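For reference, the structure is listed below as structure tokens.
Residue numbering restarts at 1 for every chain, and letters A, B, ... go by the order of the sequence lines. Every value quoted in this text rests on a predicted model; they were computed, and no experiment measured them.
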There are 2 protein chains.
Amino acid sequence: MDNRRRIIDSAKRLFWHHGYSTTSPKQVMADSGVGQGSFYHHFPTKPGLAQEVIAENGRDLVASVRAAMQGLPTGRDRLAAFLASAGDALGGCQIGGFAYDAGILAETDLREALGSAFTELAGLLTDVVREALDDGSLPPGLDPAKTAAALLAVVEGAFVVARATGRQASADEATAGALALLVAKG
Amino acid sequence: MDNRRRIIDSAKRLFWHHGYSTTSPKQVMADSGVGQGSFYHHFPTKPGLAQEVIAENGRDLVASVRAAMQGLPTGRDRLAAFLASAGDALGGCQIGGFAYDAGILAETDLREALGSAFTELAGLLTDVVREALDDGSLPPGLDPAKTAAALLAVVEGAFVVARATGRQASADEATAGALALLVAKG
DNA sequence: GTCTATATGTCGATAGAC
DNA sequence: GTCTATCGACATATAGAC
């Protein structure tokens, strides 16, 4: 119905799977079915569109991580559910791909939107690590922020390696290895 | 002296720090000081140049990891040295950035060169994990390949998160968290 | 091997009518 | 809000002389 929304939804998918700098406005028009005049009416510049896309993809990702953790009994279970979010790695992380895109990093606003998304995700994971320390599902002594940062990095790296090798198994090995490091300590 | 070498050296740095799709032949010419005629004589196509660049950057990376590990007493020390290779994360991984570049992934040859580089690095790390299990610096029971994959992912993810936040500290936290998971088990 | 000139397409937009 | 036409810049080469 709303062309503005159609544009954002297409751009979210295309920037996610195909990259920001390597996706043209024309491709977004074709995918969304919105004409050129309408497109530039709603989004006069490509970075302006990216600003909304990054923010929404960040929120979507945090929401899906929360949903995946929902109802799991222990903190460690919830961390395992986060690790499993690299289960479809070949498509790439909803926000991770922006970190290597020079067109994103060159624009201060976009870089900040990206940084905020990662900071929020790291904060969420830090809370869950704390819960896991409290409920005894992780052994005491671990630093919550550093442990959370390591788990976030494992997942982001799993996306990178899987896309580089073209094998989902590359991601699965990485997350399994990380889980084993958590579990074996308990 | 050798223009062909000048081109490769410039392209290695530019593709590494600025990305493949977001770096034009013209930028490589400017950086290397090689003229257009000479450039296209040596590299008729951009993917052809990328092929050599990816292979060399992969070899350089493996060599620098080996060098960083050189002479360290235990396997775990050598793995810690690998984790420290995310010590200058804002510039990006020498090969990790290619994994999110649609221009790379679309070309079969380039994707394979990239996959080979990662596979070799994973193999090297797997060997070191085995050595660590043998010398007792890591506790028994860990799967060598999965543990190596997890450590590789931590480093690749540390690059991603640090670039996204613009903070080297984001990478340092991740690698410190990973090291703590290894060390606390010992 | 290296040079300058030219070609062809796409990118990211702008103009102006409806 | 949406349409079609147009635009200047740049990307990625190619042509042909030296």
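- Residues A/Asp31 and A/Gln27 bring no donor and acceptor atom of their side chains to less than 3.5 Å of each other.
- At least one side-chain heavy atom of A/Tyr40 sits under 4.5 Å from a side-chain heavy atom of A/Gln36.
- Taking atom NZ on B/Lys46 and atom P on D/dT14, their separation rounds to 15 Å, with Å as the unit.
- Partner of B/Tyr100 under the side-chain contact (heavy atoms from CB on, under 4.5 Å) criterion, chosen from A/Asp101, A/Thr22, A/Val160: A/Val160.
- Neither OP1 nor OP2 of C/dC3 sits under 4.0 Å from any side-chain N or O of B/His41.
- Under the 3.5 Å distance criterion, with hydrogens and angles disregarded, a donor-acceptor pair is assigned to the side chains of A/Ser170 and A/Arg167.
- For C/dT2, the OP1/OP2 oxygens have a side-chain nitrogen or oxygen of B/Asn3 closer than 4.0 Å.
- Under the 4.5 Å side-chain criterion, counting only non-hydrogen atoms from C-beta, B/His42 is in contact with B/Ile7.
- The main-chain N or O of B/Gly91 is found under 3.5 Å from a side-chain atom of B/Arg163 such that the two form a donor-acceptor pair.
- Contacts between residues 100-111 of chain A and DNA chain C, counted as heavy-atom distances below 4.0 Å, involve no residue at all.
- When side chains are defined from C-beta on, A/Ile54 counts as touching A/Phe98, because their heavy atoms get closer than 4.5 Å.
- Under the rule for a ring pair (Phe, Tyr, Trp, His ring centres under 6.0 Å), A/Phe118 has no partner lying at least two apart in sequence or in another chain.
- Looking at heavy atoms from C-beta onward, A/Asp109 lies out of side-chain contact with A/Pro47 at the 4.5 angstrom threshold.
- Side chains of A/Ser137 and A/Asp77 form no contact here, defined as non-hydrogen atoms less than 4.5 Å apart.
- Side-chain contact between B/Asp9 and B/Ser32 is absent, with no heavy atoms from C-beta onward closer than 4.5 Å.
- Side-chain atoms of A/Asp135 and A/Thr74 include no donor-acceptor pair closer than 3.5 Å.
- Residues from residues 11-35 of chain B placing a heavy atom under 4.0 Å of any atom in DNA chain D, listed by number, are B/Ser24, B/Pro25.
- Every pair passing salt bridge (Lys or Arg N to Asp or Glu O under 4.0 Å) that includes a residue from residues 115-128 of chain B is listed here, sequence neighbours excluded: B/Asp127-B/Arg130.
- When the C1' atom of C/dG12 is taken as reference, atom NE2 of A/His42 falls 18 Å away, rounded to whole Å.
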Grab the N/O contacts between the protein and nucleotides 14-16 of chain C below 3.5 Å, and write none if there aren't any.
unit_1 : atom_1 : unit_2  : atom_2 : d
C/dT14 : O4     : A/Gln36 : NE2    : 3.3

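- Between the axis at the start and the axis at the end of the helix from C/dG1-D/dC18 to C/dC18-D/dG1 there is an angle of 0°, using five pairs per end and rounding to 10 degrees.
- Atom CZ in B/Phe39 sits about 17 Å away from atom C1' in C/dT4, given to the nearest Å.
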